[in-house]
Amino acid sequence: MLRILLRRRKQPLSAEDVTVTDRPAVRKAVSAAALGNTMEWFDFGVYAYLAGTLGKVFFPSSSPGAQVVSTFATFAAAFLVRPLGGLVFGPLGDRIGRKRVLAATMIMMAVSTFAVGFLPSYRTIGFAAPILLLICRLVQGFSTGGEYAGATTYIAEYAPDTRRGFLGSWLDFGTFVGYALGSGLVTLLTAVLGDDGLVDWGWRLPFLVAGPLGLIGLYMRLRLEETPAFRREAEQAHHDAEAAVAAGGGDPVEEARQSGKGRLKEIFTRYWEAVLICMGLVLLYNVTNYMVTSYLPTFMTETLGQKALTAQLLVLGTMIVVVLTITTVGRTSDRWGRRPVFMAGSGAMIVLAVPAVLLIRAGGILLPAFGCLILGLLLVCFAGTSASTLPALFPTRLRYGALSISFNISVSLFGGTTPLIASALVQATGDDMVPAYYLMVAGVIGLIATFFLHETAGKPLRGSGPMVESEEQAQELVARSRTEAGRRARDLWLRLRHPWARH
């Protein structure tokens with residue numbers, strides 16, 4: 001009898017506990033999520049490469065240095081509202097579903113980016129022009145507050161446990177493809193139209209491309225289904241609610257816990273450690289990301305005096321390297337683990353940031369290309385691993401909201417402000433090594449966060465059952481679980497029966 005009770009205490013997995021993923025559905029989920037990121041970062045690539053041009057269009061009365069700072073201030077303003085977007089869209093995604101929220105963010109992002117292409121210049125309507133640009137950027141930032149966290153959550157909840165790193169890396173593959181497309185288009189326009197043509201009318205063209213891209217992305221997202229993890233969570237919540245009603249009314253404590261305020265309180269009280277780890281990893285990734293993608297083109301032209309076309313080609317080449325290697329890094333994290341990849345990248349950032357910036361300062365083509373390559377390889381360590389690491393920090397019922405809030409607070413305070421702070425510090429101090437020091441600080445913070453990170457590669461998401469690719473894998477997992485449960489029960493039985501014996 002005691003042995004039976006012991007077996008019940010260590011319940012093995014059943015076939016119902018294991019989710020077998022549908023490969024076509026997984027491909028559709030990854031494609032739709034990645035396309036949204038592609039569109040978002042198409043806009044970022046365009047904005048970063050047009051920073052000098054937009055400064056002339058919307059802030060013509062300022063000095064060249066002040067124009068750049070003003071343009072990046074408008075860029076950073078979008079990040080100030082991202083936490084608000086996260087507070088709205090994140091908990092909403094946990095309550096009504098991931099796919100509906102992802103469709104809504106896609107619409108807002110496409111419309112606001114498309115609208116920038118129709119804005120009148122400062123010479124046409126005066127001070128109202130930068131105000132309208134700021135409004136468009138705020139709408140973009142608000143919608144983006146629910147975009148990346150929702151997309152990572154969606155892919156993570158569809159991916160098999162052993163391939164989450166590889167499939168998640170396709171999300172950031174879309175990120176850098178979008179950036180490369182946006183920056184490549186601006187580079188082409190610069191070569192064809194020249195600086196005067198860009199200032200006159202050419203700057204509008206890249207933003208107008210966002211309209212068709214948004215329609216394609218919206219069509220793909222509206223055809224998605226909810227993730228298996230969310231469906232299970234919703235079914236369980238519905239079952240619990242029916243049980244509570246049958247028992248004579250709902251539980252006030254549970255109702256408060258399920259409310260928006262209750263979820264926020266639970267995130268910051270019960271999962272505060274995961275929130276801090278998430279913010280540290282996001283800081284590391286996004287400071288590196290925005291330093292390379294958003295600030296580096298302007299740093300090379302405005303501070304170092306490189307030709308615009310040369311700087312654009314160097315950063316574009318760096319993005320192509322990231323695109324070509326990112327899924328390899330994601331697959332490597334499935335094999336070696338997330339912590340080793342983050343740890344190696346953080347340590348390398350501390351050591352290599354100064355040499356990379358020194359190479360970029362050297363002038364010419366070859367040495368700056370090596371410097372950009374170093375920063376690109378550091379960036380891909382974080383880009384290829386983040387989408388599979390961050391969702392695993394939180395349970396299903398809070399994942400979208402907790403990740404949205406943590407991610408967007410960190411991005412707003414440290415990531416999106418990187419170009420603004422770096423450009424202001426360089427201008428104030430006259431020290432063009434500031435970007436290297438900034439990256440080193442990010443590396444130290446990332447190293448600390450990685451130290452407290454629990455390894456999640458190959459393991460089920462927090463609060464979810466295992467996910468596998470085939471029925472054969474599911475049967476093998478259930479059989480192995482039963483064997484291990486039986487072995488644990490036998491060992492415990494022997495310890496209770498013969499407490500002084502060696503086992």
Side-chain angles (χ1 to χ4, degrees), residues 18-42 89-90 92-94 96-110 143-144 146-178 181 210-235 323 326-328 330-331 333-334 383-384 386-388 390-392 396 399-400 403-404 460-461 464-471 473-474:
V18 182
T19 300
V20 179
T21 59
D22 178 40
R23 286 196 175 188
V26 172
R27 284 196 295 269
K28 186 192 296 184
V30 172
S31 300
L35 185 60
N37 254 31
T38 298
M39 190 199 142
E40 175 189 347
W41 277 88
F42 176 87
F89 289 121
L92 192 63
D94 285 327
I96 69 172
R98 283 60 163 129
K99 76 168 221 175
R100 294 181 184 177
V101 175
L102 285 173
T105 59
M106 173 64 76
I107 294 171
M108 293 180 65
M109 195 159 43
S143 64
T144 306
E147 173 61 34
Y148 186 81
T152 56
T153 296
Y154 197 87
I155 291 179
E157 291 182 351
Y158 252 113
D161 297 331
T162 56
R163 302 186 71 212
R164 193 178 304 122
F166 172 68
L167 294 174
S169 66
W170 284 97
L171 179 67
D172 288 280
F173 175 89
T175 292
F176 292 102
V177 165
L181 289 174
L213 278 178
L215 290 176
I216 295 171
L218 180 62
Y219 170 75
M220 292 184 65
R221 288 193 171 180
L222 289 175
R223 295 175 64 241
L224 293 176
E225 297 179 358
E226 276 301 345
T227 67
F230 180 81
R231 289 200 299 268
R232 284 197 173 195
E233 188 69 29
E235 290 170 1
V323 167
I326 192 167
T327 56
T328 301
R331 186 183 285 111
S333 76
D334 283 328
S386 291
S388 55
L390 302 180
T396 303
R399 184 170 295 125
Y400 198 157
L403 184 52
S404 290
L461 291 171
S464 300
M467 297 188 69
V468 296
E469 295 184 85
S470 65
E471 291 289 348
Q473 290 180 352

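- We find the OG1-CG distance between Thr153 and Asp94 to be 7.5 Å, quoted to the nearest 0.5 Å.
- For Tyr148, the side chain to side chain donor-acceptor pair (under 3.5 Å) partners are Asp172, not counting sequence neighbours.
- The side-chain contact (heavy atoms from CB on, under 4.5 Å) search around Val323 returns Phe173, Phe176, Val177, not counting sequence neighbours.
- Legend: residues meeting side chain to side chain donor-acceptor pair (under 3.5 Å) with Ser404, ordered by chain and number and at least two apart, are absent.
- With sequence neighbours left out, Arg399 forms a side chain to side chain donor-acceptor pair (under 3.5 Å) with Glu157, Thr396.
- Looking at Tyr400, its side chain does come within 3.5 Å of a backbone N or O of Gly146 through a donor-acceptor pair.
- Under the rule for a side chain to side chain donor-acceptor pair (under 3.5 Å), the partners of Ser333 that lie at least two apart in sequence or sit in another chain are Arg338.
- Counted within 6.0 Å of CD on Glu225, heavy atoms from surrounding residues, nucleotides or ligands total 12 or fewer; the atom is thus considered open.
- Remark: side-chain polar atoms of Thr38 are paired, donor with acceptor, to backbone N or O of Gly174 under 3.5 angstrom.
- Phe230 and Gly93 get closest at one heavy-atom pair: CE1-O, 3.8 Å.
- Between the Tyr158 side chain and the Glu226 main chain, a donor and an acceptor come within less than 3.5 Å of each other.
- Atom-to-atom distance recorded for Ile107:CD1 and Leu102:CG is 11.5 Å, nearest 0.5 angstrom.
- Within the model, atoms OG1 of Thr152 and CG of Leu403 stand 4.5 Å from one another, a figure rounded to the nearest 0.5 Å.
- Interatomic distance, Thr105 OG1 to Arg221 CZ, rounded to the nearest 0.5 Å: 5.0 Å.
- Heavy-atom minimum distance, Leu167 versus Pro160: CD1-CD, 3.7 Å.
- Looking at every heavy atom in both residues, Ser388 comes nearest to Arg164 through CB-O, 3.5 Å.
- With Ser386 contributing its side chain and Ala383 its backbone, the two residues share no donor-acceptor pair below 3.5 Å.
- In plain terms, the two heavy atoms of Phe166 and Thr327 that are nearest each other are CD1-O, 3.7 Å.
- Residues forming a side-chain contact (heavy atoms from CB on, under 4.5 Å) with Arg100 (at least two apart in sequence, or on another chain): Ile96.
- Nearest approach of Ile155 to Leu171, heavy atoms of both residues: CD1-CB, 3.8 Å.
- For the residue pair Gly384 and Ser169, the shortest heavy atom distance occurs at O-CB, 3.7 Å.
- Separating the CE atom in Met109 from the OG1 atom in Thr144 is a distance of 5.5 Å, to the nearest 0.5 Å.
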